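Quick notes on the structure that follows.
Note that this is a predicted model, so its numbers are computed, not measured.
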Amino acid sequence: MRILHLYAGNLFGGIETYLITLAKTQLPQMQHEFALCFEGRLSSELQQAGAIVHQLGAVKIRNPWTVWKARSQLKALLQKRSFDLVIAHACWVQAIFGAVVKAQSLPLVFYGHDTASGRSWLERLAKQTTPDLVLVNSRYTQSTLKNLYPDAPSRLVHYPVLDSACSDPSIRHQVRSQFQTPHERIVIIQSCRLEPWKGHRLLLSALAHLRTIPNWEVWIAGGAQRPHEQRYLAELQSQAKTLGIRDRIKFLGQRSDVPQLLAAADIHCQPNLGGEPFGIAFIEALYAGLPIVTTAIGAAPEIIDSSCGCLVPAEDDSAIAQALERLITDAQERDRLSQGCLDRAIKLCDPEQQLNKLYSILNQALFENSRELSTC
């Protein structure tokens, strides 16, 4: 089965991590190729993983000629190479390229990586082309599909996530030495994009309750990729200073060594303000054996349970502070939760298990599509 994945490629986050995982862990029965509009970190890492990457050209919807040119490039690619199906990742891609795929009589799969309201201009454009199948990353995401494609069949398959946890015990010492963090200090880490709904402000507010609790610090990993993220970072730094905890917060910027950072930390906390569609960062933390503290919204309750972390009410900085204080001061509780992390990650996101599930879903979709064509 030859699959073409369509994506923008100009940013880097969970979707990009998923596509790289596909490139690194291909099953013999599935061949993944990728078509991107922008060159950057994603295209570079896909190529490093040995994947075939096609460039469609930079697209800006406000410049119609760039859209026309990229659509022409995709049409030529689909006519030149024999793909069994095409997966459009996210509404931007579906809006621009969905009709091109359908015009070539190829099965079109839409991957719903995010929740859908059906109200944004991109979603309204994407709704103009109904896919043959929708894949979703969580039950939470699936519950919003009625706002986008109410008549399209959907199937849930959790992301395959590679276990990139560092097993070398010396890594902890090396990373902590780099940041001048004592070995005995409890490190809380948040590793994600700099988006307000990821809950950085809420975490800082919660930490203000713990000013008198000794022996902790926080690492915030994630760099500003766009102007509004630069402003947000400045606001977070100012907030930490105002709360009197600036000296206990390390803003690490964009990192390519997240597995090493996780290996050197003790607790993972990402108290989302908005519903997380899935949360690869949670799975990576579980692989690293880090107990997780997060808010009980979005897909988090599908991932985190009492065996590996704590779910707290949304927007409750006091509840977050209490959960963190318990884990900071109780080594036995940290160890208990840490013991359950790996099993939870494997159960949800073992790559071979999830890729076989993906293959089964897509193979069934192809069978149903060919049966429909034969009866036309």
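Note: Leu19 CG to Leu36 CG = 8.0 Å, rounded to the nearest 0.5 Å. The line from CZ of Arg81 to CG of Leu78 is 11.0 Å long, rounded to the nearest 0.5 Å.
Salt bridge Asp266/Arg185: absent, no basic N to carboxylate O contact under 4.0 Å. By the 4.0 Å N-to-carboxylate-O rule, Glu276 lies close enough to Lys198 to be salt-bridged with it. Between Arg231 and Glu235, no side-chain nitrogen of the basic residue sits less than 4.0 Å from a carboxylate oxygen of the acidic one, so the salt-bridge criterion is not met. Contact check on Arg41 versus Glu16 returns no salt bridge, with no Lys/Arg side-chain nitrogen under 4.0 Å from an Asp/Glu carboxylate oxygen. Residues Arg248 and Glu217 are not paired through a salt bridge, judged by the lack of any N-O separation under 4.0 Å between the basic side chain and the carboxylate. Note on Lys24 versus Glu45: no salt bridge recorded, every NZ/NE/NH1/NH2 to OD/OE distance being 4.0 Å or above.
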request  = Report the C-alpha distance between Arg176 and Glu184 in whole Å, list the side-chain angles of each, state the deciding distance to 0.1 Å, and finish with yes or no for salt bridge (charged side-chain N to carboxylate O under 4.0 Å, His left out).
outcome  = CA-CA 10 Å; Arg176 285 177 171 243; Glu184 67 278 2; over 6 Å; no
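Among the candidates Tyr7, Phe12, Tyr159, Phe34, the single residue satisfying the ring-ring contact (aromatic ring centres under 6.0 Å, His included) test with Tyr18 is Tyr159.
Between Trp92 and Phe38, the ring planes are tilted. Angles from 30° to 60° get that label.
Membership of the apolar cluster around Leu156 extends to Phe110, Val134, Val136, Leu145, Leu148, Tyr149, as traced through chained side-chain contacts below 4.5 Å between ILVMFWY residues.
The number of heavy atoms from other shown groups lying within 6.0 Å of NZ (Lys69) does not exceed 12.
When only modelled atom types and interatomic distance are considered, Glu123 and Ser117 share a side-chain donor-acceptor pair under 3.5 Å.
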